[in-house]
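First comes the structure, then the notes that go with it.
Not measured: the values here are computed from a predicted model. Indexing begins at 1, ligand by ligand and atom by atom, following the structure's order.
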Amino acid sequence: MKTDSANKCVIVIFGATGDLAKRKLFPSIYNLYKKGKLSSNFAVVGAARREWSNDTFRRNVATSIQESKIDVDQDINEFLNHFHYLSFDVTNTESYTNLNDLITNLDEEFSIPENRIFYMAMAPQFFGTIASYLKANGVTNTTGWNRLIIEKPFGHNYESAQKLNDDLREAFTEDEIYRIDHYLGKEMVQNIEVIRFANAIFEPLWNNRYISNIQITSSESLGVEDRGGYYDHAGALRDMVQNHMLQMVALLAMEPPNRLTTEEIRTEKIKALRALRPMTPNEVDSYFVRGQYGRGIVNENTVNGYREEGNVDPKSKTETFVAGKLVIDNFRWAGVPFYIRTGKRMTEKSTKIVIQFKNLPMNLYYKSKEEMHPNLLIIHIQPDEGISIVLNGKKIGLSGETNPVKLDFCSSCQDVVNTPEAYEKLLNDCIIGDATNFTHWDEVALSWSFVDIISKVWENSTPTDFPNYESGSMGPKIADKLLADDGFHWWPITDESDYTI
Ligand code: NAD
């Protein structure tokens with residue numbers, strides 16, 4: 001096991017009795033421990049409202065690890081001994097004094113050089129308060145490093161995000177703030193950079209001379225489940241587009257960085273986001289469409305419409321689906337639309353990027369009035385992970401016609417590959433101080449400024465056609481028109497068989 005002092009730290013999880021901690025954080029910490037990525041000089045403090053003992057906390061941590069289908073070794077008790085619980089009230093100064101005392105004791109017990117990670121796994125309205133109390137009570141006053149991991153949502157518009165950022169910045173510097181976008185922890189999202197910058201066959205084609213359009217789909221088959229209360233105030237635009245979808249756009253559109261350092265990559269992503277063409281309020285409806293799911297059939301079960309879900313206003317005008325066309329005003333991308341769509345209760349859970357290449361200047365194989373199939377590069381983000389390329393080959397036989405053929409590489413299908421959870425990678429990055437896969441404030445600010453124009457227009461108009469798509473479908477028909485007007489169509493995410501004959 002490593003004993004490098006850099007990764008010796010205390011991880012404080014605010015909201016340690018919550019869903020995120022249980023489903024994602026404890027299993028991720030255990031995996032890091034098992035893989036030797038976490039020094040044995042570590043401790044975890046679970047802070048939450050309930051009056052739990054250390055034993056109760058440790059039992060819950062053990063259960064969450066067992067339920068996450070990880071192989072549990074004999075050493076689980078040794079691992080659990082690093083976990084301590086603190087009953088905590090966000091706005092009570094005494095809670096922070098107790099926290100500081102506990103961390104100081106743990107530093108001594110586990111020989112930790114005062115390195116601290118504060119993970120905000122609780123409701124966003126507490127983020128700013130906790131940060132200022134941490135500073136005011138000297139919890140961040142250490143000789144080691146301090147890092148703050150903060151969950152989404154980072155504000156609900158530019159103004160609130162700016163206010164939250166100002167609050168956080170009073171206690172932490174920008175370098176100390178790790179804003180989680182768990183999409184950036186996904187293997188294939190990180191692979192976008194590798195595909196682009198490690199393959200001589202793609203990077204020369206990665207521009208408006210050879211690419212006709214790029215499509216990003218992130219669909220869910222689930223509805224809002226028990227998050228109706230949160231979701232009805234957020235909607236798909238804030239929940240998915242402002243963060244995950246725009247982050248994927250930035251990675252696809254950015255210029256090659258000079259080096260693969262946090263600074264250089266972030267600079268290029270920020271430049272790409274700056275090049276997004278802003279819309280005037282009058283233009284919003286030409287570039288963005290929204291939808292809300294009605295009843296329908298998903299996985300052979302009849303499901304309720306959005307307005308019938310728990311904690312959702314029966315007259316809600318919240319969008320559960322968004323599709324949009326993004327225009328990037330720079331030399332590389334002028335004239336290449338980036339289409340995005342995301343929604344709940346769609347046909348299936350899938351995140352895919354399709355890069356459609358331009359047709360050749362002349363089709364020598366033009367027969368029976370059929371267009372040649374365009375070349376496609378498909379990046380499968382989840383649940384499958386891999387890459388497909390659609391090429392044209394010769395149709396077997398005497399006709400001399402062409403056939404599209406699909407070459408598949410499925411990385412998640414290989415037995416040898418056991419993809420680490422996004423949270424595991426991101427926690428590890430934070431422990432080693434690598435902020436590349438976290439969002440910089442400038443990225444957050446630019447994406448809110450872009451999204452705010454759309455949400456303002458939508459807030460001030462009532463959609464008359466909601467619900468406008470059936471559960472189990474690929475969204476409303478108006479999303480197809482967005483592409484059809486440009487002479488394109490969405491490539492299927494479910495049945496890709498029509499890429500080949
Ligand atoms: P949750 O409601 O399950 O847990 C909230 C936690 O906060 C609990 O431990 C509770 O005890 C604690 N808490 C609430 N009020 C408190 C107070 N006044 N003082 C002390 N502790 C208090 O929430 P969650 O689903 O775990 O989500 C936490 C954060 O993570 C939210 O910001 C959410 O948006 C974000 N998030 C969650 C998920 C997920 O999969 N659950 C995914 C992405 C982002």
Do Arg345 and Glu220 meet the salt-bridge criterion of a basic N to acidic O distance under 4.0 Å? no
Near ligand 1, which protein residues have a heavy atom under 4.0 Å away? Gly15, Ala16, Thr17, Gly18, Asp19, Leu20, Arg23, Ala48, Arg49, Phe88, Val90, Ala121, Met122, Pro124, Phe126, Phe127, Glu151, Lys152, Pro153, Tyr423
Does the ring of Tyr183 carry Lys186 above it, NZ/CZ under 6.0 angstrom from centre and within 45° of its axis? yes
Ring of Phe438, cation from Arg179 - is the NZ or CZ under 6.0 Å from the centre and inside 45° of the axis? no
Contacts of Lys456 that satisfy salt bridge (Lys or Arg N to Asp or Glu O under 4.0 Å) - sequence neighbours left out: none
Under the ring pair (Phe, Tyr, Trp, His ring centres under 6.0 Å) test, residues paired with Trp490 that sit two or more places apart: none
For His82, the ring pair (Phe, Tyr, Trp, His ring centres under 6.0 Å) test, sequence neighbours excluded, returns Phe42, Phe110
